[in-house]
Each structure stands twice: as structure tokens, then as C-alpha cells.
Amino acid sequence: MKQNKIKFISIMVSAAVIISFSCSVHAGQTYKLALSLAITGPTSDAGNPYAKGVEDYFKYVNDNKLLGDDIIECTIRDDQYKTDVTKRNFEEFLDNGIVFYLNYSTGSTLALKQDFEEEKIPVIPASFHAGNLVDSNYIFLPIASYSAQCIGLAEYVAAHHKGGGIPKAAMFIHPSAFGRGPVEDVEKAVKAGLNMEIVEVTEHGKDLDNTAMLQRFISKGVQYVITQTIQSPVATLLKDANRLGLAAKSFGEEGKLTFLGAHYTGGNDLIALAGPAAENFFWTTSYTLTSEPGPGTDMQLALAKKYGRDDKAANSHNYTNGIMAAQVAAECIIRAKAKGSKITRETLYNELLAMNGDNAFKLDTTVGPVTYSKTDHEGVDNLQLYSVQNGVFKSVGKPFSPEYSKKIK
Amino acid sequence: MMSYFFQLLISGIVVGSIYALSALGFVLIYKSSRVLNIAHGQIIAGGAFITYALTVWADIPIYISFFLSMIITFFLAMSVERIFLRRLIGEPVISVIMVTIGLMSILDGIIYLTPFGSENFSFPVFFPKTPISFGGVSVSWTQLVGVIITFLLIAAFSWFFKKSTIGISMRAVSDDQLAAMSVGISVPKVFGLAWAAAGLSAAAAGGIIGNITGLNFDTLHAFGITVFPVVILGGLDSIIGAVAAGIIMGLIQQFASGYLDGHFGLSGTAEVLPYIILLVILLFKPHGLFGIHEIERV
């Protein structure tokens, strides 16, 4: 009898323990998100720190219970910059029941656009190609498009050109949709009255020597080169310009070339590749940089330290880029929860559309607030111009919003 | 106008020499084993990264690192042949080429596991920053040293194949493996040496390209494919052909870019022309400019 009593008590205690544990497990919801990007392969120099930024920020959300007992489970997969692999990853993510998706390349974002529409899933890519937004309801760019960035650079050229006449510029672009996209928009801005002449548009290859091109630019009176590509060809271009004595020592120096570039042309990776030749390169992005300390970069460095990232990742603007995309996704969940909504693709999509006016998302990792609406799917409209001074990017002037990118719409 | 022409001429020779050095690895392996090593670009990148690691991480002076890297890559390439290719002696050439494609993926995977797979680096500045200028034509010290190293290595390899016993053995193996074996030449040893020599030249090319473009894996390993038209144009088994074709390609690219791009609505001709030439050459001279045209009696 006594033995039965002990057995009964043991069973009851065990049951209580199991129930209490299972209660704590089920106390919160798990929200499934996913990211497919190039952790290896082409452009992985950007994708790798981006993935770390996303991973670390979601860990931070969970560790600090920013969603209460609920957690974010974000699956991150390498696609090696291959669109077919991205598509396969995305399909698996859908099977797992994701409510929000982070994509990466221009190619795969364009290729999956229709899938995003059919699945009605909100997507933030790492590609800022304006063409992503054409015929799409569900893609949201985190910051101003490459087109807006190039127009912003052109506006800066027009406004700060010294000497007489119309400033002459060339565009040095990536041979892909990523590179070609902005050309037409800059040309439209020029037609709409932007005081600049585009003398030539050149798509680059795997060039070991850009002498011919640089000499040609000079012979045509080009003074500014707007680059829209990745760091490696820009680094070779800058080295050649320095070797030939054609690189301007200050903005707009007469008879020399001033180089400017959009988001993926710059950052610490450009300095790592070009070395001293990167000096005076002008670069625009919407992100804050660790070379210009502030609350956003303090948070970024603390996050990198907390999760054991090395200095290179911690100071990468692509790490910031990943953190910011994750911040927007987490904010949507926080806002939907605050309203008592169930977390679904639809509610998160609606939260993105409502992110404007007083509801704009102000965060410190960017130089302006994130604003989305039904007609505006570009997140941060503001850009900051930076230039390399003594081996680090320093801000030039205040954040600005390119006027002509609105005029040509 | 003349200085512009001469600048393009010099730049073409510089670029062409580096193409020739990069192409040399293909030729060395093909010359002795009739195998086209598709993974050559990965070996070029590997050589560049070893030089960087020795220079920056192990704090060895760059000139010594450069030579150490060539020696290390020499043995690494020899090991690759030993592990992956030796068993394929006598097998159809297509099997061996497929193995080199597999090897390319394996090397990619290994490099992606290191920081070199997804990060950018540059060698510390060790040459004078001021370029050498004469009559409006300028060449950087990196480019000049690159050209000198290229010609030294090419001269050494040419001498090696023509005069040394091992070089002659390698040519014999290339002509007829069975006949070479029957006179006591060790075919496996010759293959190993061919791969090792290709590794050595790849490390030299990687070091020079890395100095010019910075160290980015995608840029470096892409050179394996970029120099392919050069290899075909020169003739797969000719060292002199690689040099001539390299310089021809370098000159064509620079002059096309200098005189055609931006005129007549043209752009990117430097990228396209090598492949147009490649097609024409394959149509009219399938063995390239200096390749051996084998005549078989039937």
C-alpha cells in the first residue's frame, strides 16, 4: 500500500514537472522568418557580414525578450548568389511556414517577384534596385534605391561643381540589372533639368588595367565618374587613376577625375582593396558608419561584441545593413503584437504599409527614418555622403534626399 | 596623341604579360599530360592568399613571402596531382577534365571556409607610390615588376623544356605516354612535376594580380576563365604561344578600349573582342598560333 502511494506521488510529481516544462515552452509563440543570401560565392564579401547582422539582431531580440515570451526563428541559408538555389530555399522556407522573408540579390529578387506576389509575403531584399518595385506589392527596399543614390551623387556634382560650364560625368557600371538599372534614371534626371552631362556609360569587365578608359574620359573632358558596381573593379579603377596622376586630390579638381559611388561600391572593403588609392573617394549610403561614432554605431559594436564577431564584421556597413533589415522585420512584429493582431504575413504586410508619418520607424542605424506606404516602398529616403579621409570614411555635409528621384517618378 | 598611343601600347604589354603568366599554368599541364586543368583559377587565388597570409599574418617580408608562396604552391599542386589525378593515368581525357571540374568545386569550398572566401584584402604598399613616367607614359612599379617576373619565369620554363633532361622527358610523355614509359621515363613523376610547375607559375600570377586588383577571391579565380582565349589563341601546348597570345590579347583589349569604346556607339569591346578572335582562330587555325598540328596517317 505504502509502495503504491510512493509510486502515485512519483507519477504525479513527474507529471507536474513535465506539464510545467511544457507550459514554459508553449508560453510564447515562435515566428518563423528566413533569409537566403550569398554567404559564399560571388558578392559574399557583402553577404557574409549581412547574414551576421541579421542573425545577431534576432538573437538580441530573443535574448532581451523584446517580444516578451515570443521568439523569432530566422533560418539563414547560403545560396552562393545562384538564383535557382535561392528559389529552392524560398520554397522550403514557405513549407516551414515563414511569415516574413529577407532576400538578397537583384537577380533572385527579380526572378522571385511573381512568387512573392502569389504568396503575399512581405520581402526586404539586400538589393536596392528600383526595378524590384515595378509590378510588385510585396517587395520593400530598406533604403533609397541605387537609382536614387546615383541621382543623389549627380545632384551633389551639379551643386558643387567648380569652374564654368556643365559638369561632365561618366558612369562606370556593373554589367547586370544591378548596375544598369540606375543609368536610365540618371539620364531622366538630366533630361528633367539636372545640370550635368553624361558623356559616357561604361560597363566594366575583369579589367587589369583601365588606362585606355581613363585617358578617354579625360580626353572627353569628363571630370566626375559615378560608379554603380561592387568594390573590386572600383579599387582597380582608383589605383589606375592614381598611377596615371588623374585622381582628383579634392572634389572637382580641374583636369582630374573625382570618383563617386553608390552603396555596394564603398565601405571598408573598398579601402581594404584599394589601400591609399581610395583616398577622396565619395560614397553614398543611408547607413551610419562606425568611423563616425553615434548611438547606432555604438549599438552595432555592442551587438558584435556580445555575439563574438571580429572587428572586420563589426565595422562593416553590410553588418549594419543586415541589422537594419532585421530591425524592420522585428518592429513589424512588435507593432502587430501591440495591436493584439495575430502574426501573419498579412498583418506584417499591413504594418509595413502603415510605417509612415507619426508611425515612421526611427532607428539609429540609418541617417533617416524608415517610411513605407502603399505608394512608397523605399525605406529610408535620406542619404549621407561620405568621403575617404586619412583611410576612413568621414561624412560630408548633412543627410539629404535627392530631389530629382521624386521629380522623375 | 602619340603619348596616348604609347600608353596604350605599354598597358597592353603589361596586361598581356600577366595574361601570359596566368596562361602558363594551363600550358605546362597540357604540354606534358594533355589535360586541361579547369581549376587553375583557384590555384592562382590560392597562391595570392598564401602570399598575403605569410606577409601580413606571419609578418614575413613580402619578397620572401612571394617566393615561399611559389614553393608552397609548387608542393600543393604536386599533392593535388598525387591525390586526385595519378590514378587516372591512361583513362580517357574527358574523365580527367571532369576531375579537374570537381577539383575546382573542392578548392572553392576549402577557400570559402577561410576568411579569404568572403573578405577583401590588399597587400601592404611595398613599391614606391610614384609610377615610372617617361614622355607622358606611365607604368606602376607593380606592373613593371610583374612584367619582369613574367618574362623571367617564361624564359626559365622555355629553357627547362628545351634543355633539361626532365623537360625533355616531359615533352616525350606529352608526345606518347606509352613510348616514354618504354624508355624508362616515369610518367607519374612527369605529371607531378607538370602540376607543380603550374602551381609555381600560378602563385606568381596570383601575387601580381592580387597586387593590381586587391585580394578578392571572385576576381582572382575568374582569371582562370579570363585567360582561356589566350591559351587557345597561343596553342594549348606552346609556352611561346602563351606569351605571344597574351600580349596580342592585352594589346587588342587596350587599343579596342582606347579607340573603339565611346565611339560609333560602341562599349565594352575589350571584353568581347577576345572571344570573337577566339572564334575566328578556332575556325581557321584550330591549333592556335603556335600549337602543334598533329598529322596522322590513315
Side-chain angles (χ1 to χ4, degrees), chain A residues 38-49 51 78 80-81 170 175 199-220 230-236 238-240 242-245 267-278 310 312-313 316, chain B residues 3-4 7-8 10-12 14-15 18-19 108-109 111-113 115 117-125 129-131 133 137-143 146 208-209 211-220 222-223 225-226 250 253-259 261-263 267-268 270-272:
Chain A
I39 298 175
T40 63
T43 75
S44 57
D45 48 352
N48 205 303
D78 183 15
Q80 296 189 317
Y81 208 58
V199 174
E200 191 178 325
V201 178
T202 299
E203 294 187 6
H204 66 77
K206 307 272 182 199
D207 307 309
L208 271 182
D209 190 310
N210 296 289
T211 300
M213 187 183 67
L214 290 165
Q215 298 277 20
R216 194 172 69 240
F217 286 169
I218 287 289
S219 70
K220 288 180 171 181
I230 51 173
Q231 292 101 344
S232 185
V234 177
T236 313
L238 295 177
K239 283 180 173 184
D240 286 338
N242 271 273
R243 169 173 57 83
L244 297 164
N268 292 340
D269 283 327
L270 178 74
I271 297 169
L273 283 167
D310 61 22
K312 199 152 189 170
S316 165
Chain B
S3 70
Y4 182 57
Q7 180 66 67
L8 296 182
I10 296 295
S11 295
V14 167
V15 172
I18 298 163
Y19 284 166
D108 272 348
I111 294 172
Y112 285 138
L113 288 174
S118 59
E119 289 183 19
N120 297 307
F121 305 88
S122 66
F123 286 113
V125 178
K129 274 194 216 169
T130 319
S133 298
V137 176
S138 78
V139 183
S140 73
W141 282 89
T142 307
Q143 290 180 323
I208 294 163
I209 297 166
N211 248 303
I212 292 171
T213 63
L215 295 155
N216 174 279
F217 181 50
D218 293 319
T219 307
L220 287 167
F223 263 85
I225 301 300
T226 305
Q253 285 194 322
Q254 286 300 310
F255 283 118
S257 177
Y259 289 112
D261 281 356
H263 303 283
S267 176
E271 289 297 306
V272 179

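Order of the sequence lines sets the chain letters (A, B, ...), proteins ahead of strands, with each chain counted from 1.
With respect to chain A, the highest number of heavy-atom pairs below 4.5 Å among B/Gly117, B/Gly214, B/Ser122, B/Pro124 belongs to B/Ser122. Between chain B and the residues A/Thr236, A/Thr202, A/Val199, A/Ile39, the largest count of heavy-atom pairs under 4.5 Å involves A/Thr236. When each of B/Val15, B/Asp261, B/Thr226, B/Val14 is scored by its heavy-atom pairs under 4.5 Å with chain A, the top score falls to B/Asp261. Contact tally against chain B (heavy-atom pairs below 4.5 Å) for A/Ile230, A/Asp240, A/Asp269, A/Asn48: the top residue is A/Asp269. Of the listed residues (A/Ala313, A/Gly245, A/Ala38, A/Gly41), the greatest number of heavy-atom pairs within a distance under 4.5 Å of chain B belongs to A/Gly41.
Contacts between B/Phe255 and chain A at a heavy-atom distance below 4.5 Å are absent for every atom of the residue. Within the 4.5 angstrom heavy-atom criterion, no atom of A/Ser316 approaches chain B. At a 4.5 Å heavy-atom cutoff, the contact between A/Glu200 and chain B is made by side-chain atoms alone. Heavy atoms closer than 4.5 Å to chain A are found nowhere in B/Gln253, neither backbone nor side chain. Using a 4.5 Å cut-off between heavy atoms, A/Val201 contacts chain B through its backbone alone, with no side-chain atom that close. Using a 4.5 Å cut-off between heavy atoms, A/Leu270 makes no contact with chain B at all. Of the atoms belonging to B/Val137, not a single heavy atom falls under 4.5 Å from chain A.
Between A/Leu244 and A/Gln215, the closest heavy-atom pair is CD2-NE2, 4.2 Å.
When the side-chain contact (heavy atoms from CB on, under 4.5 Å) test is applied to B/Asn216, the partners found at least two apart in sequence or on another chain are A/Asp45, A/Ser232, A/Leu273, B/Asn120, B/Asp218, B/Thr219. Shown here are the salt bridge (Lys or Arg N to Asp or Glu O under 4.0 Å) partners of B/Glu119, two or more places apart in sequence or in another chain: A/Lys312.
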